[in-house]
2 protein chains.
Amino acid sequence: MNYQKEKTLAQSRAKVIKALGHPTRIFMVALLSEKERSVGELTEIAGADVSTISKHLSILTQQGILTFRKEGNRVLYNLICPCIMQFIHCIDDVIYKDAQRGLSCILPDLKIPENTQANNPSE
Amino acid sequence: MNYQKEKTLAQSRAKVIKALGHPTRIFMVALLSEKERSVGELTEIAGADVSTISKHLSILTQQGILTFRKEGNRVLYNLICPCIMQFIHCIDDVIYKDAQRGLSCILPDLKIPENTQANNPSE
DNA sequence: ACTCTATTTGGCTAATTTGCCAAATTACCA
DNA sequence: TGGTAATTTGGCAAATTAGCCAAATAGAGT
């Protein structure tokens with residue numbers, strides 16, 4: 001593994017991931033995975049100021065996650081890369097596995113691999 | 001689609017994604033996808049203060065992305081969910097598609113779907 | 001108990017990110 | 001040309017995050 005190259009890659013990757021790492025933004029990505037929507041629709045569903053939504057959309061677009069097209073008055077946004085949903089499922093998997101570990105504290109019989117409970121190495 | 005439920009999900013998802021959305025953190029995840037490593041090793045490769053690395057690792061662990069085990073003096077970190085690499089490939093796909101669009105400005109003949117060039121709806 | 005190495009924690013400042021308001025822009029229509 | 005709806009931009013205050021130093025903690029060996 002070429003550390004230097006991997007480090008550079010990490011810079012680019014982090015930018016894209018960071019764009020997705022906001023509740024409202026990942027929510028809108030999920031909404032757009034269903035179908036194209038206008039800023040207005042997204043604003044109403046997400047429930048925030050239009051200007052805020054617009055800025056979120058611009059961040060996602062800058063990172064190559066969304067596209068838009070104009071139709072009359074309105075701007076319609078679209079998901080570019082369908083693999084994003086696969087991405088989301090991977091995240092859900094992490095959340096699910098984490099919940100399992102959480103549960104196992106209450107129901108220890110489920111038996112989970114050791115040292116996977118918490119985050120504090122001291123103890 | 002149940003917006004309310006999806007909105008709640010978005011909260012959880014964003015936490016995990018945010019944890020991954022930092023150059024050093026996603027770099028370490030890539031490193032750990034190869035093999036288990038100690039804080040010291042990661043610190044040397046990543047090139048930052050140990051305390052900084054330790055905090056990054058704790059963030060990733062809190063979000064259920066990493067585990068650790070202790071061996072003597074050292075703490076060895078591990079990737080929990082192998083699907084994270086799949087996740088990274090998805091991001092790389094976004095980056096790749098974006099680069100293609102960038103190129104196409106220079107080499108317009110490549111022919112790309114319309115309205116996918118930039119991020120500024122005005123114009 | 002003392003020392004050495006590895007790692008985590010506290011604390012503090014600097015940098016970045018959010019979200020809202022007000023103002024500007026764009027497209028359409030009368 | 002004026003008006004209206006949709007969207008973006010500027011700008012600012014509040015909140016969050018990052019990264020470094022110093023100090024604390026943990027494990028092994030002497």
Side-chain angles (χ1 to χ4, degrees), chain A residues 7 10-11 14-28 31-32 36-63 65-78 115 117-123, chain B residues 7 10-11 14-28 31-32 36-63 65-78 115 117-123:
Chain A
K7 213 171 199 168
Q11 305 277 341
K15 277 189 205 162
V16 177
I17 299 171
K18 201 183 289 187
L20 292 164
H22 183 286
T24 304
R25 292 198 291 262
I26 195 71
F27 179 43
M28 293 196 298
L31 290 174
L32 291 172
E36 182 177 62
R37 292 178 202 261
S38 71
V39 179
E41 289 178 74
L42 291 169
T43 299
E44 182 168 12
I45 300 175
D49 193 279
V50 206
S51 72
T52 301
I53 296 297
S54 176
K55 277 176 188 169
H56 282 314
L57 289 169
S58 142
I59 289 169
L60 290 166
T61 306
Q62 268 175 47
Q63 293 312 320
I65 297 158
L66 303 182
T67 355
F68 57 83
R69 69 192 181 85
K70 296 181 154 198
E71 193 173 282
N73 229 357
R74 305 179 311 149
V75 178
L76 300 170
Y77 279 85
N78 259 294
N115 280 317
Q117 270 80 1
N119 78 89
N120 183 356
S122 336
E123 180 10 61
Chain B
K7 212 172 199 167
Q11 305 278 342
K15 278 189 205 163
V16 177
I17 299 171
K18 202 184 289 186
L20 291 164
H22 184 286
T24 304
R25 291 199 290 262
I26 196 70
F27 179 42
M28 294 197 296
L31 290 174
L32 291 171
E36 182 177 61
R37 293 179 202 259
S38 71
V39 180
E41 289 179 75
L42 291 169
T43 299
E44 183 167 11
I45 300 175
D49 193 278
V50 204
S51 71
T52 300
I53 296 297
S54 176
K55 277 176 188 170
H56 281 315
L57 289 169
S58 144
I59 288 170
L60 289 166
T61 307
Q62 268 175 47
Q63 293 312 320
I65 297 157
L66 303 182
T67 358
F68 57 83
R69 70 192 180 86
K70 295 181 154 199
E71 194 173 281
N73 230 356
R74 306 179 309 150
V75 178
L76 300 170
Y77 279 86
N78 259 294
N115 279 317
Q117 270 80 359
N119 78 89
N120 184 358
S122 336
E123 175 8 57

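Quantities reported herein were computed from a predicted structural model and do not represent experimental measurements. Chain naming here is simple, since letters A, B, ... match the order of the sequence lines and numbering starts at 1 in each.
- Taking for each of S51(A) and N73(A) the nucleotide of DNA chain D with the nearest heavy atom, the 5'-most of the two is the partner of N73(A).
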- Message: Would L20(B) and L60(B) count as a side chain to side chain contact (heavy atoms under 4.5 Å, CB included) here? Give the steps.
- Response: CA-CA 7 Å; L20(B) 291 164; L60(B) 289 166; 4.1 Å; yes
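- Comparing dC21(D), dT8(D), dG27(D) by their nearest atom to the side chain of V75(A) picks out dT8(D).
- Judged as a salt bridge (charged side-chain N to carboxylate O under 4.0 Å, His left out), and not counting sequence neighbours, the contacts of E36(B) are R69(B).
- Spacing between atom CG of L66(B) and atom C1' of dT7(C) amounts to 15 Å, rounded to whole angstrom units.
- The phosphate of dA6(D) has neither OP1 nor OP2 within less than 4.0 Å of any side-chain N or O from Y77(A).
- Near DNA chain C, defined here as any heavy-atom distance below 4.0 Å, there are no residues from residues 39-47 of chain A.
- One interatomic measurement links the two molecules: NZ of K55(B) to C1' of dT8(C), which rounds to 9 Å at whole-angstrom precision.
- Put simply, H56(B) has a side-chain N or O that comes within less than 4.0 Å of OP1 or OP2 on dG19(D).
- Heavy atoms from other residues, nucleotides or ligands lying under 6.0 Å from NZ of K7(B) number more than 12.
- Atom CG in L60(B) sits roughly 14 Å away from atom P in dT17(D) (whole-Å rounding).
- Contacts between residues 16-24 of chain A and DNA chain D, defined by a heavy-atom separation under 4.0 Å, are absent.
- Note on T52(A): a side-chain N or O is less than 4.0 Å away from OP1 or OP2 of dC20(C).
- Map E71(A) and R74(B) each onto its nearest nucleotide of DNA chain C; the residue landing nearer the 5' end is R74(B).
- Applying the salt bridge (charged side-chain N to carboxylate O under 4.0 Å, His left out) test to R37(A) and every residue at least two apart in sequence or in another chain returns E34(A).
- Among residues two or more places apart in sequence or in another chain, the side-chain hydrogen bond (donor to acceptor under 3.5 Å, both in side chains) test is passed with N73(B) by none.
- What separates CD of Q62(A) from P of dT16(C) is a distance of 15 Å, to the nearest Å.
- Residues satisfying the side-chain hydrogen bond (donor to acceptor under 3.5 Å, both in side chains) test with H22(B), not counting sequence neighbours, are none.
- As rounded to whole Å, 15 Å separates atom C1' of dA6(D) from atom CZ of F68(A).
- Atoms CZ (R69(B)) and P (dT7(C)) sit 13 Å apart, rounded to a whole Å.
- Taking all atoms of both residues into account, the shortest heavy-atom contact from R25(A) to A19(A) is NE-O, 2.6 Å.
- Atom CD1 of I53(B) and atom P of dT17(D) are 18 Å apart (whole Å).
- If you take CD1 of I59(A) and C1' of dT9(D), they are 13 Å apart, rounded to a whole angstrom.
- The distance from atom NZ of K18(B) to atom CD1 of I26(A), rounded to the nearest 0.5 Å, is 12.0 Å.
- Side chain of S58(B) to backbone of S54(B): no donor-acceptor contact under 3.5 angstrom is found.
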